[in-house]
Amino acid sequence: MKELKKVSYKDFIMLAILLAKITCFYLLIGFTKSSIIIGSITFLFFVVIFVSYLFSNSKHCNRSFLIVYSLLTLLMFADCLYYSYFNQLPSVNQVAQMNNLIVVDESIKFTTPPISILLFIDIPIYYIYFKKKRAQITGDDTIKFKPYKKVLTSLLLGLLLLMSWNPMNADAIKAVSNTEFLTYHINDIYTKVFGYKDNQIKSNENVEKVIDELQKNRPLDKKYLGVAKDKNLIVIQVESLQDFPINAYYEGQELTPNLNKLIKGDSLYFENYYQNIGRGNTSDAEFSTQNSIYPVIDGECYRLYQDNTFYGLPWIMRENGYSTKVFHGYEGSFWNREAAYPNQGFEDYVSLEDMELDEKIGFGLSDVSMFEQAAERIEKMEKPFYSFLITLSCHHPYILPDKYNTIQLNSEDEGTVFGNYLQGVHYSDMAIGKFIETLKEKELYDDTIIAIYGDHHGLNCKDASNYECMTRYLGKEYDYNEMLNIPLIINIPGSGINETISTVGGQVDFLPTITNLLGVPIKNKYILGQDLVNAKKGYVASVTYMLRGSFITDDVIFEMSRESLFSTSTAKDLETNEVIEDNTYLEDYYNRALQLLDTSKYILENNLIKR
């Protein structure tokens with residue numbers, strides 16, 4: 001007991017190693033202002049766990065400690081990995097997404113910070129130290145420490161439960177439970193079971209009020225109503241296409257010449273269009289676009305609600321005499337598309353299994369080949385038709401065969417994700433250009449309205465390399481206002497319409513916008529977007545990357561803080577990106593964002609469209 005009571009320099013070294021591990025973790029997940037306080041709490045939690053095991057009388061305590069400590073470290077690493085890609089910590093729901101993340105292993109290699117490997121270095125060191133330290137403990141030591149161990153364990157459990165439950169809804173506790181390592185994950189499980197405390201939609205009546213309010217604000221006079229009536233419809237969702245390459249040049253080289261040409265013709269170009277995806281990424285971009293419902297933060301909608309009844313764009317088009325088909329150059333089961341598409345309303349899904357893999361880029365069929373093979377099938381579709389095509393080749397980390405790397409990069413951009421991205425966007429633009437020419441050759445172009453939009457961003461602004469390259473390229477700070485901005489182009493051959501629309505919107509607004517142009521009615525009242533051609537004011541809520549409660553208006557971009565507190569959140573001028581010091585006037589917009597997300601979730605959870 002004497003030897004144990006004597007604190008040695010080794011004990012301080014081990015505490016320093018633990019402190020370094022926790023510091024490394026918080027640096028990797030991007031917290032700065034409150035990291036010292038939050039990190040101290042995590043440090044104390046780990047010390048309590050360590051001491052509780054140290055004085056355990058279990059025969060398998062050494063092995064048990066190694067397993068628990070290793071699992072906690074693995075969870076830390078998973079947090080860092082997920083944060084590096086999504087700018088937020090993972091939820092328990094993301095366990096079901098692991099198969100989708102494994103597919104994009106090249107992306108994981110590029111986004112995983114090398115320093116995160118340091119989180120694992122201390123595991124063998126701590127195990128050896130723990131084993132030797134326990135060897136110094138006698139049975140009397142365990143008995144004497146038993147009351148203290150009970151107090152420490154009860155204190156740890158009590159604090160974790162208090163921070164997860166937060167009965168008084170205190171901001172200080174909320175700030176910790178949304179950011180501290182252990183309490184975040186316990187709070188996440190609590191939220192999964194009991195829901196958000198700030199949930200504003202708790203009944204059908206609440207939903208109906210929101211829907212009624214949205215319908216009241218929709219204009220009766222419709223500009224461009226039915227301008228594309230009876231035309232075929234082709235919608236192209238382009239992988240990782242942001243808005244900044246549109247009409248832009250790199251060292252005198254036009255990045256998207258074919259899309260630019262399309263915009264100059266009979267087209268509507270929506271320059272302030274934003275992603276509103278959830279954790280389902282590409283699949284959620286599809287879901288929101290087709291259904292005008294916000295995705296949820298719990299996981300991909302195609303998996304969570306595959307058996308729900310929907311009445312989105314595919315069903316509407318079928319009801320108006322259109323045949324429907326969807327094309328994608330990867331496995332049918334990816335993002336659960338094969339199981340979800342029938343209830344979405346698509347009559348046929350053409351995936352990689354149905355096409356010839358004659359040219360592979362990344363982990364699937366090249367865009368050029370996908371478009372060529374799709375055109376052959378589209379030509380044979382019963383008219384009028386609705387074809388939905390999803391590209392794949394411009395996928396992070398944007399590595400193409402050398403023959404397609406046609407943009408001449410500066411030496412400073414060679415080998416960077418930014419440089420690769422420019423090549424990827426230029427390639428996708430080329431593939432779309434070829435596809436349009438094929439449609440003209442097959443005499444399909446003139447009778448077809450073509451809508452093109454990006455599914456989500458390609459360059460994460462929180463990645464240091466991307467931030468540096470993009471800030472240099474743009475000549476201004478690269479932030480969420482640029483990162484989340486994706487293009488929407490709607491080409492209507494023969495219409496004579498050429499207009500750029502600046503009203504802020506998102507993928508949730510696509511359905512009411514496109515149906516207005518086609519002149520087809522929407523009988524489903526659960527539509528949370530608005531027709532951007534006729535909208536008086538722009539607004540879109542954010543689901544992920546910018547956290548729950550974030551939003552974008554025609555003037556402001558509001559980023560919810562990591563603590564999930566309105567008071568510590570940041571509002572910036574959408575045009576200048578300058579911080580707005582007094583943002584209290586935006587609280588109604590913040591509540592509206594929560595309301596829209598909660599309404600969407602309630603509609604989906606209760607399958608209201610079926611009712």
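If you're wondering where the values come from, they're calculated on a predicted model, not measured in any experiment. Just so you know, residue 1 is the first one in the sequence shown, and it goes up from there.
- Salt-bridge annotation for D479 and K572: present, with a side-chain N of the basic residue lying under 4.0 Å from a carboxylate O of the acidic one.
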**Item:** Verdict with supporting geometry, Y269 and N247, side-chain hydrogen bond (donor to acceptor under 3.5 Å, both in side chains)
**Value:** CA-CA 11 Å; Y269 168 46; N247 291 321; 5.1 Å; no
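- Rounding to the nearest 0.5 Å gives a distance of 6.0 Å between CG of L268 and CD of E499.
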**Item:** side-chain contact (heavy atoms from CB on, under 4.5 Å) evaluation trace for Y427 with S393
**Value:** CA-CA 8 Å; Y427 168 81; S393 298; 3.5 Å; yes
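- In the model, E254 has no side-chain atom that pairs as donor or acceptor with a side-chain atom of H426 under 3.5 Å.
- Considering only heavy atoms from C-beta on, M483 stays 4.5 Å or farther from K462 through its side chain.
- With Q507 contributing its side chain and D455 its backbone, the two residues share a donor-acceptor pair below 3.5 Å.
- With salt bridges taken as basic N to acidic carboxylate O contacts below 4.0 Å, none links R303 and D298.
- Atom CG of N485 sits about 10.0 Å away from atom CD1 of I246, to the nearest 0.5 Å.
- Put simply, the side chain of T471 gets close to the backbone of Y467: a donor and an acceptor are under 3.5 Å apart.
- Remark: aromatic rings of F181 and F25 are close, center separation under 6.0 Å.
- When side chains are defined from C-beta on, M560 does not count as touching M546, because their heavy atoms never get closer than 4.5 Å.
- The closest side-chain heavy-atom distance from N498 to D266 is not below 4.5 Å.
- Residues Q530 and D509 bring no donor and acceptor atom of their side chains to less than 3.5 Å of each other.
- By the 4.5 Å heavy-atom criterion applied to side chains, T500 and F270 are not counted as neighbours.
- Heavy atoms only, all atoms of each residue included: G424 and C394 are closest at C-SG, 3.5 Å.
- When all heavy atoms of L392 and D367 are compared, the pair lying nearest together is N-OD1, 2.9 Å.
- Residue L233 is tested with L517, I514, I450, T448 for a side chain to side chain contact (heavy atoms under 4.5 Å, CB included); the sole match is I514.
- Rounding to the nearest 0.5 Å places CG of D358 at 3.5 Å from OG of S369.
- The two atoms that bring V417 and L459 nearest to each other are CG1-CD2, 3.8 Å, heavy atoms only.
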**Request:** Could you give me the CA-CA distance, side-chain angles and deciding distance for L241 and Y453, then say whether side-chain contact (heavy atoms from CB on, under 4.5 Å) is met?
**Result:** CA-CA 7 Å; L241 179 62; Y453 68 95; over 6 Å; no
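- With E331 contributing its side chain and F334 its backbone, the two residues share no donor-acceptor pair below 3.5 Å.
- Here CD1 of I293 is found 5.0 Å from CG of L604. Values are rounded to the nearest 0.5 Å.
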**Message:** Before you tell me yes or no, could you show the steps for R548 and L597 under side-chain contact (heavy atoms from CB on, under 4.5 Å), namely the whole-Å CA-CA distance, both residues' side-chain angles and the distance that decides it to 0.1 Å?
**Reply:** CA-CA 8 Å; R548 171 183 163 84; L597 299 190; 4.2 Å; yes
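- Under the 3.5 Å distance criterion, with hydrogens and angles disregarded, no donor-acceptor pair is assigned to the side chains of E300 and N336.
- Using a distance-only test at 3.5 Å, with no hydrogens or angles considered, a donor-acceptor pair links the side chain of S292 to the main chain of G529.
- Looking at Y398, its side chain never comes within 3.5 Å of a backbone N or O of F418 through a donor-acceptor pair.
- In this structure, a donor-acceptor pair under 3.5 Å is absent between the side chains of N187 and T183.
- With respect to the salt-bridge test (charged N to carboxylate O, under 4.0 angstrom), the residues K536 and D554 do not qualify.
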**Asked** Between S366 and E359, is a side-chain hydrogen bond (donor to acceptor under 3.5 Å, both in side chains) present by the stated rule, with each step listed?
**Response** CA-CA 6 Å; S366 73; E359 184 181 44; 2.7 Å; yes
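- When all heavy atoms are compared, the tightest approach of L89 to Y83 is N-CD1, 4.3 Å.
- A side-chain N or O of S561 and one of T568 form a donor-acceptor pair less than 3.5 Å apart.
- Contact of the H395 side chain with the F363 side chain is registered, since non-hydrogen atoms from C-beta on lie closer than 4.5 Å.
- Checked by atom type and distance alone, the side chain of E180 never pairs as donor or acceptor with a backbone atom of S40 at under 3.5 Å.
- Ring centroids of Y545 and H457 are separated by less than 6.0 Å, placing the two rings close together.
- Classification of E437 and K434 as a salt-bridged pair fails, no side-chain N sitting under 4.0 Å from a carboxylate O.
- E482 has a carboxylate O that lies under 4.0 Å from a charged side-chain N of K476, or vice versa, which qualifies the two as a salt bridge.
- Residues I234 and F388 form no side-chain contact, since every pair of their non-hydrogen atoms from C-beta on lies 4.5 Å or further apart.
- N276 contributes no side-chain N or O that, together with a main-chain N or O of S542, makes up a donor-acceptor pair within less than 3.5 Å.
- T513 and L532 make their closest contact through OG1-N, 3.0 Å (heavy atoms, listed as atom of the first residue, atom of the second, distance).
- Side chain to side chain, E286 and Y302 meet the donor-acceptor criterion of an N or O pair below 3.5 Å.
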**Message:** For a side-chain hydrogen bond (donor to acceptor under 3.5 Å, both in side chains) check, start with the C-alpha distance between Q408 and Y250, then their side-chain angles and the critical distance, and finish with the verdict.
**Reply:** CA-CA 9 Å; Q408 299 301 312; Y250 176 88; over 6 Å; no
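- Counting only heavy atoms from C-beta outward, the side chains of Y184 and T42 never approach each other to under 4.5 Å.
- Checking T599 against Q595 by side-chain atom types alone, no donor-acceptor pair falls below 3.5 Å.
- For the pair R592 and F551, the NZ or CZ position fails the cation-pi test of under 6.0 Å to the six-membered ring centre and within 45 degrees of the ring normal.
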**Request:** Just do the side-chain hydrogen bond (donor to acceptor under 3.5 Å, both in side chains) check on T584 and D582 with the steps written out, would you?
**Result:** CA-CA 6 Å; T584 53; D582 182 9; 2.8 Å; yes
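- Under the 3.5 Å distance criterion, with hydrogens and angles disregarded, no donor-acceptor pair is assigned to the side chains of N460 and N466.
- Between Y421 and H396, a ring centre-to-centre spacing not shorter than 6.0 Å is recorded.
- A salt bridge between D531 and K223 is absent, with no side-chain N of the basic residue lying under 4.0 Å from a carboxylate O of the acidic one.
- Under the 6.0 Å cut-off for aromatic ring centres, F566 and F558 qualify, their centroids lying closer than that.
- When ring centroids are compared, F77 and F120 come within the 6.0 Å threshold.
- One side chain, Y82 or R279, offers a donor N or O that lies under 3.5 Å from an acceptor on the other.
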**Intermediate values then yes/no, side-chain contact (heavy atoms from CB on, under 4.5 Å), N291 and L511** = CA-CA 7 Å; N291 295 286; L511 173 59; 5.7 Å; no
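- Within the 3.5 Å criterion, the main-chain N or O of T406 finds a donor-acceptor partner in the side chain of Q423.
- Listed for the Y539 side chain is a donor-acceptor partner under 3.5 Å among the backbone atoms of A593.
- Residues Y273 and G506 approach most closely at CE1-O, 3.1 Å, considering heavy atoms.
- Counting heavy atoms from C-beta on, the side chains of D413 and R472 come closer than 4.5 Å.
- Checking side-chain atoms of N516 against main-chain N and O of P512 turns up no donor-acceptor pair under 3.5 Å.
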